[in-house]
A.B. asks: 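Here it is: the structure, laid out below.
Sequence lines set the chain letters: A, B, ... in the order given, protein chains first and strands last, and positions in each chain run from 1. The basis for the numbers below is simple: all heavy atoms, side chains too, and nothing from hydrogens, waters or symmetry mates.
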Protein chains: 2
Amino acid sequence: MSELNRSSPSDLKVACSGCNLRELCLPFALSEADVERLDNIVSLRKNVARGQALFRHDAPFLGLYAVRTGFFKTSVPTGDGRDQVTGFQMAGEVLGLDGLGQERHACDAIALEDSQVCVIPYERMEDLSREFAGLQKQFLKIMSREIVRENSVMLLLGSMKADERVAAFLLNLTKRLQARGFSSSSVLLRMKREEIGSYLGLKLETISRAFSKLQEDGLIVVDQREIEIRDTAGLQRLVNSANC
Amino acid sequence: MSELNRSSPSDLKVACSGCNLRELCLPFALSEADVERLDNIVSLRKNVARGQALFRHDAPFLGLYAVRTGFFKTSVPTGDGRDQVTGFQMAGEVLGLDGLGQERHACDAIALEDSQVCVIPYERMEDLSREFAGLQKQFLKIMSREIVRENSVMLLLGSMKADERVAAFLLNLTKRLQARGFSSSSVLLRMKREEIGSYLGLKLETISRAFSKLQEDGLIVVDQREIEIRDTAGLQRLVNSANC
DNA sequence: CGAGGTGTTGAGATTTGTCAACCTACGTGG
DNA sequence: CCACGTAGGTTGACAAATCTCAACACCTCG
């Protein structure tokens, strides 16, 4: 009945050991042997259509998910029915870490395009320690990185101006896309202005104006959701100059 | 030579099993047997004087710390030498989770009063999986909770007005103090207005004005760093009404 | 008693939000 | 294939919130 059920849980056999995201995803820096152990834990894939939820807040925690293809946003409810976007996730990134603590999800995860995730079922995570110490530590590392990421978002939200936030947002996106082999000078945004605004703590009109401003200054070229980066160093200077 | 060295690493023998913070700290919800295993991992205490750093960003990650007595702040550098405060930690709370991922700390941890922490040395964490599956999962849970906490700070920074942020801050503090057996109607702030402002993404003058405003409205009474909560429900309404 | 750190308050500047109009792209149905 | 409706995006004018700068008050500590 839930939106979750409407997605198709295709029971494809997964193999981290043969995945082209190895270097970016769960297996990063793991030994060959450890990756094979991981294969036993990550056992199936799941498709999520654009607009659908992978999970919703308050839903029981069933496991972690690694994005295989596609693009997600996570958001927390504001109490009055609206949401604040807390992150955007692309291939190789992990969703659901918020749910481990209370065995219940703290945010919604919505696909911004047709996507596919690899599933790490909660009950299999019990096997982690039995499987190998290296694997268990891997999860601690992944969570630690998420904490560091959130620290940097707090920095952004707490101390940057609108233009600086947008510049930092674009640089972060292109850096992650570049690590995945995409162009670092051109981004196709998968989210709307309103979602960027929610993530950056700004209104959609302010995002729009910031894009226009950065374009006027020759740092980027905006064509709808297609952003061309003209001056990466200039954007970086803008971010660095924050709070001076 | 570092400030770290100037703190006195008193080699007291620690026993989680006999600690009065059991229910709030690392051992929460662990079995008697697991807590005894934890005793083998948490092996010493360390004093940190007011104003000193427990660790600094970029320093090698040596282990996790559980606050035993005292009060800390964590902050990340903004790039221009200044810092943004990312959290305040009191007895039973864990410091250093940010360092696991890169084996290097991402933030500074500074004592706001003379404090004592229990040390979980990094090399001992290797023993976690050998010791017991329950223990390893405990750390994942603690990290997950930190992620959820940071989510809620992002929500605060991204979508609340000054008064609402301050109200949320006070409610959060009193809730945590109450869980530790302190009065929920009176708080002695351990940090200055500037640090609250940094944490909440506001300037110190705005914090001062927000306190005055909440006092005018009869919700609190302010006397320097001593805050008396007069109307918890009123503060809660203010927080809930955010974004309406 | 004086100095320095911290906190409060006011006035004006700056930034962002709000509201409204308009534009563009896209999908649907005639 | 075109007309139309709708969602998303841009821009302007004004309002509201916060920041900035400055003056001053208070407290602590030597």
Side-chain angles (χ1 to χ4, degrees), chain A residues 50-51 73 78 80 82 84-85 110 112-113 156-167 169-170 187-217 220-228 238 241-244, chain B residues 50-51 73 78 80 82 84-85 110 112-113 156-167 169-170 187-217 220-228 238 241-244:
Chain A
R50 175 178 173 169
K73 70 169 177 182
T78 60
D80 64 330
R82 282 196 286 173
Q84 163 138 352
V85 174
I110 313 285
L112 293 181
E113 57 182 353
L156 179 150
L157 289 171
S159 68
M160 289 187 188
K161 292 215 219 301
D163 297 353
E164 297 160 356
R165 295 185 198 193
V166 172
F169 170 73
L170 289 174
V187 202
L188 177 61
L189 301 176
R190 296 291 149 75
M191 68 297 281
K192 39 189 166 177
R193 302 288 190 265
E194 187 177 11
E195 290 165 330
I196 301 174
S198 173
Y199 179 59
L200 298 179
L202 299 166
K203 294 296 163 184
L204 66 94
E205 295 95 331
T206 307
I207 301 299
S208 187
R209 280 185 240 272
F211 276 141
S212 300
K213 172 76 158 43
L214 295 177
Q215 183 168 235
E216 274 174 39
D217 295 349
I220 64 176
V221 177
V222 183
D223 175 20
Q224 297 293 116
R225 294 197 179 180
E226 181 73 39
I227 309 289
E228 193 189 330
L238 197 57
S241 77
N243 317 51
C244 283
Chain B
R50 175 178 173 168
K73 70 169 175 180
T78 60
D80 65 329
R82 283 196 285 174
Q84 163 138 354
V85 174
I110 313 285
L112 293 182
E113 57 182 353
L156 178 150
L157 289 171
S159 68
M160 289 188 189
K161 293 216 215 303
D163 297 354
E164 298 160 355
R165 294 186 199 192
V166 172
F169 170 73
L170 288 175
V187 202
L188 178 60
L189 301 176
R190 297 292 148 72
M191 69 296 283
K192 39 189 166 177
R193 302 289 190 263
E194 187 177 11
E195 290 165 330
I196 301 174
S198 173
Y199 179 58
L200 298 179
L202 299 166
K203 294 296 163 185
L204 66 93
E205 295 95 329
T206 307
I207 301 298
S208 187
R209 282 184 238 274
F211 276 140
S212 300
K213 172 75 159 43
L214 294 178
Q215 183 167 235
E216 273 175 39
D217 295 349
I220 64 176
V221 177
V222 183
D223 174 20
Q224 297 293 116
R225 294 197 179 180
E226 180 73 38
I227 309 290
E228 193 189 330
L238 197 56
S241 78
N243 316 50
C244 284

A.B. asks: Any side-chain heavy atom of A:Lys213 within less than 4.5 Å of one from A:Arg209?
C.D. replies: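 The answer is no, as the side chains (C-beta and beyond) never meet within the 4.5 Å cut-off.
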A.B. asks: Please state how far atom CG in A:Leu202 lies from atom C1' in D:dT18, giving the value in whole angstrom units.
C.D. replies: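 Rounding to the nearest Å, CG of A:Leu202 and C1' of D:dT18 are 14 Å apart.
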A.B. asks: Could you tell me whether the side chain of B:Gln215 reaches within less than 4.5 Å of the side chain of B:Val221, counting heavy atoms only?
C.D. replies: yes
A.B. asks: Rounded to whole angstroms, how far apart are CG on B:Asp163 and C1' on D:dT18?
C.D. replies: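 Rounding to the nearest Å, CG of B:Asp163 and C1' of D:dT18 are 11 Å apart.
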A.B. asks: Measure CG/B:Leu188 against P/C:dG7 and give the value in whole Å, please.
C.D. replies: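 Atom-to-atom, B:Leu188 to C:dG7, this comes out as 12 Å.
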A.B. asks: Answer yes or no: are there more than 12 heavy-atom neighbours, outside A:Glu226 itself, under 6.0 Å from its atom CD?
C.D. replies: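 Yes, enclosed.
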A.B. asks: Could I get a table of every N or O pair under 3.5 Å where one atom is in the protein and the other is in nucleotides 11-15 of chain C?
C.D. replies:
| unit_1 | atom_1 | unit_2 | atom_2 | d |
| --- | --- | --- | --- | --- |
| C:dA11 | N6 | B:Arg209 | NH2 | 3.4 |

A.B. asks: So does A:Arg193 get a side-chain nitrogen or oxygen closer than 4.0 Å to the phosphate oxygens (OP1/OP2) of D:dT10?
C.D. replies: yes
A.B. asks: Using whole Å, what does the distance between atom C1' of nucleotide D:dT10 and atom CG of A:Leu214 come to?
C.D. replies: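 Roughly 15 Å, once rounded to whole Å.
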A.B. asks: Please report, rounded to the nearest Å, how far the P atom of C:dT18 is from the CD1 atom of A:Ile207.
C.D. replies: 13 Å
A.B. asks: Of the nucleotides C:dC19, D:dC19, C:dA25, which one has an atom closest to the side chain of B:Lys203?
C.D. replies: D:dC19
A.B. asks: Can you measure A:Leu157 atom CG to C:dT16 atom P for me and round it to whole angstrom units?
C.D. replies: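 Taking atom P of C:dT16 as the reference, CG of A:Leu157 is at 13 Å.
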A.B. asks: Could you tell me whether B:Arg165 contacts a base, only the sugar-phosphate backbone, or nothing, with contacts defined as non-hydrogen atoms closer than 4.0 Å?
C.D. replies: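 No contact.
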A.B. asks: Say you draw a straight line from CG of B:Leu200 to CD1 of B:Ile207; how long is it, rounded to the nearest 0.5 Å?
C.D. replies: 5.0 Å
A.B. asks: Quickly work out the A:Arg225 CZ to D:dT10 P distance and round it to whole Å.
C.D. replies: 10 Å
A.B. asks: Name all residues meeting the side chain to side chain donor-acceptor pair (under 3.5 Å) criterion together with B:Glu113; count only those two or more places apart in sequence or in a different chain, and write none if there are none.
C.D. replies: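 Only B:Arg190 meet the side chain to side chain donor-acceptor pair (under 3.5 Å) criterion with B:Glu113.
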A.B. asks: Under the 3.5 angstrom rule, does the side chain of B:Ser208 hit a backbone N or O of B:Leu204 as a donor-acceptor pair?
C.D. replies: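 Pair absent, no side-chain N/O of B:Ser208 close to backbone of B:Leu204.
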A.B. asks: Among B:Arg193, B:Glu195, B:Glu194, which residue satisfies the side-chain contact (heavy atoms from CB on, under 4.5 Å) criterion with B:Met191?
C.D. replies: B:Glu195
A.B. asks: Looking at D:dC27, does its base get a donor-acceptor pair with the side chain of B:Gln224 below 3.5 Å?
C.D. replies: no
A.B. asks: Within the structure shown, what part of the strands sits under 4.0 Å from A:Gly197 by heavy-atom distance: base, sugar-phosphate, or nothing?
C.D. replies: nothing
A.B. asks: Give a yes/no on whether any side-chain N or O of A:Ser212 is located under 4.0 angstrom from OP1 or OP2 of D:dT11.
C.D. replies: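 For D:dT11, OP1 or OP2 has a side-chain N or O of A:Ser212 closer than 4.0 Å.
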A.B. asks: Does the side chain of A:Thr206 get closer than 4.0 angstrom to OP1 or OP2 of C:dG17 through an N or O atom?
C.D. replies: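 So the side chain of A:Thr206 is within the cut-off, an N or O lying under 4.0 Å from OP1 or OP2 of C:dG17.
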A.B. asks: Just the rounded figure in Å: distance from P of C:dT9 to CD of B:Glu216.
C.D. replies: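 My rounded result for the distance is 8 Å.
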A.B. asks: Between the two end axes of the helix from C:dC1-D:dG30 to C:dG30-D:dC1, each built from 5 base pairs, what angle do you get to the nearest 10°?
C.D. replies: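 Inter-axis angle at the termini of the helix from C:dC1-D:dG30 to C:dG30-D:dC1: 30°.
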A.B. asks: When you compare the side chain of A:Phe211 with that of A:Ile227, does any pair of heavy atoms fall below 4.5 Å?
C.D. replies: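 The answer is yes; the side chains approach within 4.5 Å.
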A.B. asks: Please classify the nucleic acid contact of A:Leu204 as base, sugar-phosphate, or nothing, using heavy-atom distances under 4.0 Å.
C.D. replies: base
A.B. asks: Do the side chains of B:Leu157 and B:Arg165 get nearer than 4.5 Å, heavy atoms only?
C.D. replies: yes
A.B. asks: Verify side-chain contact (heavy atoms from CB on, under 4.5 Å) between B:Glu164 and B:Ser159, making sure each step is shown before the conclusion.
C.D. replies: CA-CA 10 Å; B:Glu164 298 160 355; B:Ser159 68; over 6 Å; no
A.B. asks: From the list D:dC19, D:dT10, C:dT6, which nucleotide is the closest neighbour of the side chain of A:Ser208?
C.D. replies: D:dT10
